[in-house]
Amino acid sequence: MTDRVAILGSTGSIGVSTLDVIARHPEHFQVYGLSAFRRVDELAEQCVRFQPRVVVVPNDEAAHGLRGALRGRAPATEVCVGAQALEEMARAPEVDSVMAAIVGAAGLRPCMAAARAGKRLLLANKEAIVVGGELFIRTVREGGATLIPIDSEHSAIFQCLPEDRSQWSARIDHIVLTASGGPFRTRDPGTLQGVTPEQAVAHPNWVMGRKISVDSATMMNKALEVIEARWLFDLQPEQIRVVIHPQSIIHSMVVCRDGSVLAQLGTPDMRVPIAYGLAYPHRVESGAPRVDFRQIGALTFEEPDPQRFPGLALAWEALAGPAGSTVVLNAANEIAVDAFLERRLAFTDIHAVNTATLESMAAELRPLPDIESLLELDARARDRAQAQVSRLCRT
Ligand code: NAD
Ligand code: MG
């Protein structure tokens with residue numbers, strides 16, 4: 001039987017890798033829907049190749065351009081517009097699996113729609129679960145959805161755990177998330193102030209979108225992943241540890257109650273966790289090169305340096321803080337990374353924006369009962385972070 005897949009963010013790094021895996025298995029997977037925010041030309045090419053039933057773009061202008069590009073080339077594809085259409089695609093009755101590959105909190109609503117509709121939710125979009133937190137997990141449970149992590153570290157943990165989730169807590173002593181250390185692992189911290197966006201996105205092991213690449217350079221990516229792991233695996237924050245592993249071959253580890261350690265290994269290629277998520281609980285060819293242990297030589301581990309990577313500790317601070325702290329941290333970081341990529345903010349000031357925004361909002365945080373209150377807080381935190389960016393602005 002074929003699995004019908006909707007891809008939210010199909011033109012991004014994860015979206016393109018997902019289509020690469022799907023194209024290898026036309027007998028197993030069929031593309032129901034695609035979406036993109038920019039790069040409509042690439043989206044058009046994807047539509048011609050995969051002939052989706054639905055495609056979603058952000059505005060009428062993009063829809064007009066896309067309809068023109070598809071005329072006569074994708075006759076069965078309906079072009080839809082806006083955030084509401086994205087949610088409709090994520091919960092469409094024809095869809096079996098939703099690949100959540102949008103970057104940022106913008107992906108939260110369609111993720112929640114897929115969760116509520118009981119889909120297989122393949123989650124790359126870590127910001128959505130960082131912002132959604134407990135509400136996200138509750139919605140998955142109540143909707144009868146199957147949540148499958150795609151982030152390589154969380155896929156690794158997931159692959160090391162039994163299929164029966166009720167056994168997880170009895171089995172796990174703690175987990176160890178591995179981190180590459182990014183492009184600045186050995187750079188003199190005194191010179192980080194002046195690094196450029198080009199230097200920050202030049203990741204040594206992974207090819208990824210710009211936002212997550214900057215997050216890898218600050219290690220805010222790992223901070224978000226700690227929060228993600230807390231919700232995905234129902235762990236206490238102190239059960240989550242981070243170690244730098246520059247080769248990116250061990251993708252993460254579960255330390256069991258008896259002291260035994262289970263790890264998942266592979267080359268750093270997102271098609272492995274994507275293929276695992278798509279085919280779960282089976283395994284299919286991903287297209288990734290195999291690990292050659294004779295080439296690797298050594299697998300090494302280092303303690304993350306808190307001076308070099310001050311953002312990492314914010315994960316545990318935000319998890320221990322008042323409800324909503326993780327929403328504020330994520331929003332501040334999205335704004336700060338944008339400003340850095342637009343050369344309005346120094347690299348080291350990303351952390352300054354994050355901590356100042358968290359501090360300035362701590363007293364006003366309240367429990368967040370629903371998605372509207374989450375998104376209202378997200379918007380407020382973005383305004384506050386923008387003000388911090390203006391204060392620290394280079395120009
Ligand atoms: P990317 O920037 O390459 O792609 C993002 C996609 O989302 C694009 O298709 C873009 O058009 C769409 N998009 C952006 N803003 C949007 C908005 N406001 N509304 C709707 N669509 C929007 O990003 P990526 O590297 O593919 O990462 C996607 C997600 O997966 C992120 O949350 C990232 O943290 C996570 N992730 C990525 C990797 C990786 O290797 N790239 C690994 C692990 C996790
Ligand atoms: Mg990751």
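Start at 1 and go down the list; that is how both ligands and their atoms are numbered. Keep in mind it's a predicted model, so treat the numbers as computed, not measured.
- Between Arg283 and Gln159, the side chains place a donor N or O and an acceptor N or O closer than 3.5 Å (distance only, hydrogens not considered).
- With hydrogens left out, the protein atom closest to atom 34 (O) of ligand 1 is Lys126 CE, 3.1 Å, a heavy atom.
- Shown in contact with Thr11 at under 4.0 Å from a heavy atom are these atoms of ligand 1, numbered in order with element: 8 (C), 9 (O), 11 (O).
- If you check the side chains of Ser97 and Asp3, you find a donor sitting under 3.5 Å from an acceptor.
- Listed by number with element, the atoms of ligand 1 under 4.0 Å from a non-hydrogen atom of Met270 are 40 (O), 42 (C), 43 (C).
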Inset, instruction - For Arg271 and Asp20, run side chain to side chain contact (heavy atoms under 4.5 Å, CB included): C-alpha distance rounded to whole Å, both residues' side-chain angles, the deciding distance at 0.1 Å, then the answer. - result: CA-CA 8 Å; Arg271 290 176 298 177; Asp20 181 281; 3.2 Å; yes

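- Ionic pairing of Glu45 and Arg73 is present here: one or more N-O contacts between side-chain nitrogen and carboxylate oxygen are shorter than 4.0 angstrom.
- Closest to atom 41 (N) of ligand 1 by heavy atom, among Ala100, Gly9, Ser13, is Ser13.
- Note on ligand 1: Gly15 sits outside its first shell, no heavy atom being nearer than 4.0 Å.
- Per-residue contacts place Asn125 under 4.0 angstrom from the following atoms of ligand 1 (heavy atoms of the residue considered): 32 (O).
- No other N/O/S atom of Glu225 lies as close to the Mg ion (ligand 2) as OE2 does.
- A donor and an acceptor atom, one from each side chain of Gln388 and Arg391, are located under 3.5 Å apart.
- Scanning the protein for heavy atoms near atom 13 (N) of ligand 1, the closest one is Phe37 CB, 3.5 Å.
- Every atom of ligand 1 is numbered from 1 in the order shown, and the set under 4.0 Å from a heavy atom of Ala124 is 30 (O), 32 (O), 35 (C), 36 (N), 44 (C).
- Among all protein heavy atoms, the one lying closest to atom 27 (O) of ligand 1 is Ile14 CG1, 4.2 Å.
- Closest approach between the Mg ion (ligand 2) and any N/O/S atom of Glu153 involves OE1.
- Looking only at N/O/S atoms, Asp151 comes nearest to the Mg ion (ligand 2) through OD1.
- Applying the ring pair (Phe, Tyr, Trp, His ring centres under 6.0 Å) test to residues at least two apart or on different chains, the pairs with a partner in residues 222-247 are Trp168-Phe233, His245-Phe301.
- Per-residue contacts place Arg38 under 4.0 angstrom from the following atoms of ligand 1 (heavy atoms of the residue considered): 11 (O).
- Nearest protein heavy-atom neighbour of atom 18 (N) of ligand 1: Ala106 CB, 3.3 Å.
- Thr191 and Asp188 share no side-chain donor-acceptor pair at under 3.5 Å.
- At a 3.5 angstrom cut-off on N or O pairs, Met208 does not count as close to ligand 1.
- Residue Glu127 has at least one heavy-atom neighbour below 4.0 Å for each of these atoms of ligand 1: 31 (C), 32 (O), 34 (O).
- With hydrogens left out, the protein atom closest to atom 29 (C) of ligand 1 is Ile102 O, 3.5 Å, a heavy atom.
- Taking the charged nitrogens against the carboxylate oxygens, Arg384 and Glu364 do have a contact shorter than 4.0 Å, which makes a salt bridge.
- Among protein heavy atoms, atom 33 (C) of ligand 1 sits closest to Ile212 CD1, 3.9 Å.
- From the protein, the heavy atom lying nearest to atom 25 (O) of ligand 1 is Gly209 N, 2.9 Å.
- A donor and an acceptor atom, one from each side chain of Asp164 and Ser166, are located under 3.5 Å apart.
- Partner of Lys126 under the side-chain contact (heavy atoms from CB on, under 4.5 Å) criterion, out of Leu232, Ile150, Asn221, Asn330: Asn221 alone.
- Annotation: Gly12 places an N or O atom under 3.5 Å from an N or O atom of ligand 1; distance criterion only.
- In summary, the aromatic rings of Phe184 and Phe309 are positioned with their centroids too far apart to meet the 6.0 Å limit.
- Taking every non-hydrogen atom of Ala101 and a distance limit under 4.0 Å, the qualifying atoms of ligand 1 come out as 5 (C), 6 (C), 7 (O), 28 (C).
- Ion pairing between Glu225 and Arg230 fails under the 4.0 Å rule for side-chain N and carboxylate O.
- A 4.5 Å side-chain heavy-atom check between Gln239 and Ile175 finds every atom pair outside the cut-off.
- Residue, atom and distance of the protein heavy atom nearest to atom 43 (C) of ligand 1 are Asp151 OD1, 3.1 Å.
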